[in-house]
Amino acid sequence: MPTLTSHIDTESARFKSNCLDTATALESIQAIYRDLPGKSNRLSVRARVAALMDSQQSFLEFSRLAAHEVYPEAVPAAGILTGLGRVEGRDVVVIANDPAVKGGIYYPLTVKKHLRALEVALQCQLPVVYLVDSGGANLQRQDEVFPDKEHFGRIFFLQAQLSALAVPQIAVVLGPCTAGGAYIPAMADIAIMVRHQSRLYLAGPPLVKAAIGEEVDEETLGGADTHCRISGVADYLAKNDEDAIEIAKQCLASYPAAKTSNQCDATLPPRFASNELNGIATENFRQASDSHEIITRIIDDSDFDEFKALYGKTLICGFARIGGERVGIIANNGVLFSEAALKGSHFIQLCDQRRVPLLFLQNITGFMVGKRAEAEGIAKHGAKMVMAVATATVPKVTIITGGSFGAGNYAMCGRAYSPDFLFCWPTAKVAVMGGEQAAGVFRHLKRASQETEAITQRYQEQSDALYGSARLWDDGIIPPSETRDVLIRCFSILASRPEQSRRHGIFRM
């Protein structure tokens, strides 16, 4: 069984340095929240979510660093809080607008984050609770949030898809709900509004005046009393935030109980401490760390049944349990050669056939290049693995622990291959290639040294985990020591995901 000695302490110190930027970003978000004005009679967005949860520990937040340093102005967490929580004993997706951030309006990344949460709900068929408090679309960026397929209108499209699958949706309107945003509660199964606080209308009083010349106040036009007593748009009238959230919990409890996973009642923790993972995290991609060290610290009892252990050794494959759920693990241990790609394709097909979920642990510089590799058919063998990943119908979770470069990102189930969940360690790097390699390509094209230095710097900045997480390339950055807890939560939820029919494309021989 693998062991670590002084290496743990050395790499732990380096890990703390690598995490500095991420920690600084989180602190800046917290500072912004402290400085934002609030209203004494209304809860903050995080207090609302906490009141909804069975326990604060049950909430797994998505993309907390979304929009960090993306826009000229600060937009902490993209102005919306999303994640998985346990409410009345069942897992739900929570989507909560933050009115303290620009009135809860939708920036492009706000829309993207909202849509990602709905995708999770759709994939796993989980109930959705909306805590609505938003001024609607950012009108100054209307071309980035309104007309395209993945823009604001897609929210209502996915709501309709969820409804067609009989997935519960409960909307709690805790503030303004304007224009297209009014369709969020209107398309939910249940809508709750707060007296003298909620507002719901397709056009506010100024626009009504401009459009048809009618003068009307906000309360009469779209207040809670109007929609609960006259229009029937809302179903429940609440006294305040706490009362509205309590009504939402009671409504959720009235739905039939959700299916539960088949995990074992008793699970043994890993034989090695999870906090040692902080010492295994490294940014030295030229010298690959042994992924066995990661695996033994996240699986039950550190009991790993390795598949083809003597063949294609730069890719580790095998079976284990995480939180009692049986999973197939694929982890990088170096560059992908033809043998490793074939081994990975074989293992993925086995898991798909046996209905075993897949966990990808990414730390990959890519596929092997060169005369010999090309003659061996690395392109077609790599294509087999990419095909297997793309067509596997079992649940998939990806953790990027180190490098994620080139086609290695694809073969190891990067974002483009729709893993059900994807998280990064702070040491993660995602790019088409490393900065030094990119600069080498431009030097070959006889670019000036000053230009190649700028390219190297740009690649280093854009491949950083914080840069990617701010743009929602992942579902969040997690400390390595929390990897097992996050995986237990994810695989427990995915255990009740509806099965999909198996299908495969053409594997070139």
Side-chain angles (χ1 to χ4, degrees), residues 1-2 262-264 267-268 270-272 280 288-364 366-368 376-378 380-402 407-414 417 419-420 483-484 487-488 490-491 494-495 502 504 507 509:
M1 194 63 65
N262 296 318
Q263 67 184 54
C264 301
T267 62
L268 294 173
R271 300 176 209 167
F272 303 92
I280 295 172
S289 57
D290 186 355
S291 290
H292 287 98
E293 301 287 1
I294 298 174
I295 294 170
T296 55
R297 287 165 176 80
I298 61 174
I299 63 174
D300 296 357
D301 198 31
S302 301
D303 184 10
F304 185 55
D305 176 15
E306 189 164 356
F307 175 76
K308 285 185 182 288
L310 303 178
Y311 180 80
K313 292 185 178 182
T314 58
L315 189 69
I316 300 170
C317 301
F319 297 98
R321 287 188 181 274
I322 297 179
E325 300 287 355
R326 188 162 179 78
V327 299
I329 299 175
I330 302 175
N332 299 120
N333 234 23
V335 67
L336 285 169
F337 292 89
S338 294
E339 295 88 346
L342 288 169
K343 172 181 172 179
S345 302
H346 185 178
F347 184 73
I348 291 167
Q349 287 183 305
L350 277 180
C351 289
D352 204 33
Q353 184 184 60
R354 299 177 186 179
R355 315 310 297 166
V356 176
L358 286 162
L359 168 62
F360 294 85
L361 298 175
Q362 276 201 29
N363 184 11
I364 180 65
F367 286 93
M368 189 60 187
E376 290 176 347
I378 186 65
K380 69 177 182 181
H381 296 313
K384 291 186 183 75
M385 187 171 175
V386 169
M387 179 76 76
V389 172
T391 59
T393 58
V394 293
K396 297 182 283 284
V397 178
T398 300
I399 306 290
I400 302 179
T401 65
N409 171 280
Y410 303 155
M412 291 296 293
C413 201
Y417 286 73
D420 293 278
T483 303
R484 174 174 163 84
L487 290 174
I488 288 174
C490 291
F491 282 118
L494 291 169
R502 294 179 64 240
H504 292 289
F507 285 71
M509 295 296 112

Output side-chain donor-acceptor pairs under 3.5 Å for residues 346-354, partner residues at least two apart or in another chain, one line each.
{"residue": "Asp352", "atom": "OD1", "partner": "Thr393", "partner atom": "N", "Å": "2.9"}
{"residue": "Asp352", "atom": "OD1", "partner": "Thr393", "partner atom": "OG1", "Å": "3.0"}
{"residue": "Asp352", "atom": "OD1", "partner": "Val394", "partner atom": "N", "Å": "3.3"}

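Inter-residue side-chain proximity for Thr267 and Ile488 is flagged as unmet; no heavy-atom pair is nearer than 4.5 Å. You'll find the side chain of Ser338 reaches within 4.5 Å of the side chain of Ile378, heavy atoms only.
Asn332 is linked by a side-chain hydrogen bond (donor to acceptor under 3.5 Å, both in side chains) to nothing, counting only residues two or more places apart in sequence or in another chain. Take Asn409 and apply the side chain to side chain contact (heavy atoms under 4.5 Å, CB included) test, not counting sequence neighbours, and it matches Gln362, Ser404, Val430. Not counting sequence neighbours, the partners of Glu339 by the side chain to side chain contact (heavy atoms under 4.5 Å, CB included) test are Tyr311, Phe337. Under the side-chain hydrogen bond (donor to acceptor under 3.5 Å, both in side chains) criterion, Thr483 pairs with Trp425, not counting sequence neighbours.
Once rounded to the nearest 0.5 Å, the distance linking OG1 of Thr401 with CD1 of Ile364 reads 10.5 Å. Atoms NZ and CG, from Lys343 and Leu310 in turn, are 8.5 Å apart once rounded to the nearest 0.5 Å. Going from atom CG of Leu361 over to atom CG of Leu359 covers 4.5 Å, rounded to the nearest 0.5 Å. Interatomic distance, Asp300 CG to Glu325 CD, rounded to the nearest 0.5 Å: 9.5 Å. Rounding to the nearest 0.5 Å gives a distance of 12.5 Å between NE2 of His381 and CG of Leu336.
Here the side chain of Arg271 pairs a donor or acceptor atom with the backbone of Asp301 at under 3.5 angstrom. Ser291 places no side-chain N or O within 3.5 Å of a backbone atom of Asn333 that could act as its donor or acceptor partner. In this structure, Thr398 contributes its side chain and Cys413 its backbone to a donor-acceptor pair below 3.5 Å.
Legend: salt bridge (Lys or Arg N to Asp or Glu O under 4.0 Å) pairs involving residues 304-319, not counting sequence neighbours: none detected.
The minimum heavy-atom distance linking Ala411 with Val389 is given by the pair O-CG2, 3.1 Å. Pairing each heavy atom of Ala340 with each of Thr314, the nearest pair is CB-OG1, 3.4 Å. Residues Ile299 and Thr296 share a closest heavy-atom pair of CG1-CA, 4.3 Å. Between Gly344 and Cys317, the shortest heavy-atom contact is CA-SG, 4.3 Å. Scanning all heavy atoms of the two residues, the minimum distance from Phe367 to Ala341 falls at CE2-CB, 4.0 Å. Residues Pro357 and Phe491 come closest through the heavy atom pair CB-CE2, 3.7 Å.
Counting non-hydrogen atoms of neighbouring residues, nucleotides and ligands closer than 6.0 angstrom, the OH atom of Tyr410 reaches no more than 12 such neighbours.
Under the side-chain contact (heavy atoms from CB on, under 4.5 Å) rule, Ile316 has a single partner from Ile294, Ile295, Ile329, which is Ile295.
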Item to complete: Could you walk me through whether Ile280 and Arg297 pass the side chain to side chain contact (heavy atoms under 4.5 Å, CB included) test, one step at a time?
Response: CA-CA 10 Å; Ile280 295 172; Arg297 287 165 176 80; 3.8 Å; yes

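Ring pair Phe307/Phe319: centre-to-centre distance not below 6.0 Å.
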